[in-house]
Amino acid sequence: MSTARAIRLADGVWAYVQPPGGWMVNNMGVVETSIGNISIDTTSTERRMRAYLRTMREATGRDLRYIIYTHSHPDHSNGASMVPDADVIAHREVAAELQRLQPVPSHVFTPFVQGNIRPRPPTVVFDDSLTLHAGSHTVRIVHPGGTAHTKGDAYVWLPETRVLFAGDLIFHGGTPFLMSGSPRGWLAALEGLRALRPSVVVPGHGDIGGPELIDEVADYLRFVVEAAASARARGLSPLQAARQLDLARFAGLLDPERIVGNLHQAYGELDGTPVDPGTVFQEMYEFNGKRPLECHA
């Protein structure tokens, strides 16, 4: 397993950054409190979650007391079952999304061992925002106001240190993934993040950066929206459009097969029709030369 890093961002505030690239490998965050740590997301497999818990226990001297889900996807929520006594905080929509998650056909990803691990349903839900007080830190958990990366997104904002844990509203170095979301809604959410004027942005995937990460994701989403409108007008399917599309300055992003799912969702928003996840994953597999997508979980 590639090396993950615990990075101290401020007194009592940490990011746990895993190597970018591939599916099911994400970042987490920790805010220390006197009664235990607040974890922003969990990780995807038993092996990775054990490493995370061990590393943060050594760094802080505390165990987890709260878990915040930034959304329902399994790479961010699977590990909660390994902390059964922690309260799980999430947007109200996350509970429903966790029930709707469907397994991806086994041929789509390179093999990985998930282990004895699974998401837990939230024990505390909110609609718009929820605020925790952790010593000198105010921890604001905020829904962006609509569907963005998913219906149940949340970001975590620490106003005293101007640290933003963005979840998958921000990808850095990897291709953002739209299949569960809305291009227009995601762009609106990014405007809300920009208004915070963060000093430090911890993305859901990739290295830590600053507010420039917000602009990079917004530029990519606008590119997808424009490409989808053009290809749809020419009668191309999302897979046909993806195969013909010049990714230009976005060609260097990791996991480029996600363009297929992104075009599907952009088409769906234009047409007012839902996207079928099974079709999306199969077509990403085909776009990838009928080779399994890289999963480093």
Side-chain angles (χ1 to χ4, degrees), residues 1 4 6 13-18 22-33 35-60 62-104 109 112-127 129-132 134 139-143 149-157 165-169 177 180 202-205 295-297:
M1 182 172 64
V13 181
W14 299 79
Y16 186 83
V17 178
Q18 301 197 90
W23 294 75
M24 295 285 283
V25 181
N26 64 304
N27 297 334
M28 282 79 73
V30 163
V31 181
E32 298 179 49
T33 81
I35 61 171
N37 291 335
I38 301 169
S39 179
I40 301 151
D41 284 328
T42 69
T43 189
S44 57
T45 66
E46 182 177 356
R47 178 184 59 163
R48 287 189 177 275
M49 191 65 186
R50 289 192 186 282
Y52 171 58
L53 293 173
R54 181 176 61 252
T55 298
M56 298 317 303
R57 182 69 174 80
E58 292 171 353
T60 68
R62 296 178 175 90
D63 294 318
L64 298 187
R65 176 66 183 85
Y66 301 96
I67 294 169
I68 300 167
Y69 290 159
T70 62
H71 60 293
S72 60
H73 288 169
D75 48 338
H76 295 259
S77 61
N78 272 353
S81 64
M82 294 184 64
V83 196
D85 296 328
D87 279 316
V88 177
I89 302 169
H91 185 263
R92 188 175 302 277
E93 185 63 32
V94 167
E97 289 182 334
L98 287 173
Q99 293 180 346
R100 291 195 296 265
L101 287 176
Q102 299 177 359
V104 176
F109 291 127
F112 68 97
V113 178
Q114 183 168 306
N116 184 20
I117 194 171
R118 66 192 184 283
R120 288 172 50 212
T123 58
V124 178
V125 297
F126 68 94
D127 293 305
S129 65
L130 186 147
T131 300
L132 304 177
V139 180
R140 295 197 66 228
I141 312 163
V142 184
H143 179 59
H149 175 64
T150 69
K151 289 184 178 180
D153 291 315
Y155 61 84
V156 178
W157 172 237
F165 291 94
D168 280 5
L169 294 174
F177 193 42
S180 303
V202 182
H205 301 264
C295 182
H296 302 307

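For the single chain, residues carry numbers from 1 onward in sequence order.
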H91 vs F126, test: ring-ring contact (aromatic ring centres under 6.0 Å, His included). Steps then yes/no. CA-CA 5 Å; H91 185 263; F126 68 94; 5.7 Å; yes
Would you indicate whether the side-chain heavy atoms of Y66 and I89 approach each other to under 4.5 Å? yes
Is it the case that more than 12 heavy atoms not belonging to N116 sit under 6.0 Å from its CG atom? no
What I'd like to find out is whether the side chain of T70 reaches to under 4.5 Å of the side chain of D153, using heavy atoms alone. no
What one should report as the nearest heavy-atom pair of V25 and A297 is CG2-N, 3.9 Å
If I take atom OH from residue Y16 and atom CG from residue N26, how far apart are they, to the nearest 0.5 angstrom? 10.0 Å
Validation row: L53, L64 side chains within 4.5 angstrom (heavy atoms): yes
Whether the side chain of H71 engages the backbone of H149 through a donor-acceptor N/O pair (distance < 3.5 Å, no angle test) should be reported. no
Between R120 (side chain) and V88 (backbone), is there a donor-acceptor pair under 3.5 Å? no
Taking all non-hydrogen atoms of both residues into account, name the closest pair between I141 and A154 and its distance. CG2-CB, 4.0 Å
Closest contact, heavy atoms only, V125 versus R92: CG2-NH1, 3.6 Å
Give the C-alpha distance, both sets of side-chain angles, the deciding distance and a yes or no for ring-ring contact (aromatic ring centres under 6.0 Å, His included) between W23 and F177. CA-CA 11 Å; W23 294 75; F177 193 42; 5.1 Å; yes
Does the side chain of T45 reach to within under 4.5 Å of the side chain of V113, using non-hydrogen atoms? no
Between I40 and Y69, is the side chain to side chain contact (heavy atoms under 4.5 Å, CB included) condition met? List the steps. CA-CA 6 Å; I40 301 151; Y69 290 159; over 6 Å; no
How many angstroms lie between CE in M56 and CE in M28, if you round to the nearest 0.5 Å? 9.0 Å
Under 3.5 Å, is there a donor-acceptor pair between the side chain of S77 and the main chain of S72? yes
In Å and rounded to the nearest 0.5 Å, what is the CG to CZ distance from N37 to R57? 8.5 Å
Are any of the side-chain heavy atoms of V94 and P121 separated by less than 4.5 Å? no
Give a yes or no answer on whether the side chain of Q18 reaches the backbone of A4 with a donor-acceptor pair at less than 3.5 Å. no
Salt bridge or not for R118 and E46, using N-O below 4.0 Å? no
Note, V139 side chain near I38 side chain (heavy atom, < 4.5 Å): yes
Main-chain N/O of E32 paired with R65 side-chain donor or acceptor, under 3.5 Å: no
Could you grab the distance from atom OH of Y52 to atom OG of S39, nearest 0.5 Å is fine? 2.5 Å
Show your working on side chain to side chain contact (heavy atoms under 4.5 Å, CB included) between N27 and D41 and close with a plain yes or no. CA-CA 8 Å; N27 297 334; D41 284 328; over 6 Å; no
Just checking, is any N or O donor in the side chain of H73 or T150 under 3.5 Å from an acceptor N or O on the other one? no
When rounded to the nearest 0.5 angstrom, what distance separates NE2 in H143 from NZ in K151? 10.5 Å
Closest approach of V31 and A134, non-hydrogen atoms and distance? CG1-CB, 4.1 Å
Point-to-point distance, once rounded to the nearest 0.5 Å, from CZ of F165 to CZ of R140: 15.5 Å
For T43, is there any backbone N or O sitting under 3.5 Å from a side-chain donor or acceptor partner on H76? no
Minimum side-chain heavy-atom gap Q114-N78 below 4.5 Å: yes
Nearest heavy-atom contact between S44 and R48 is OG-CD, 4.1 Å
Criterion side chain to side chain contact (heavy atoms under 4.5 Å, CB included) on I67 and T42, from CA distance to verdict: CA-CA 8 Å; I67 294 169; T42 69; 3.7 Å; yes
Min side-chain heavy-atom separation H296-M24 under 4.5 Å: no
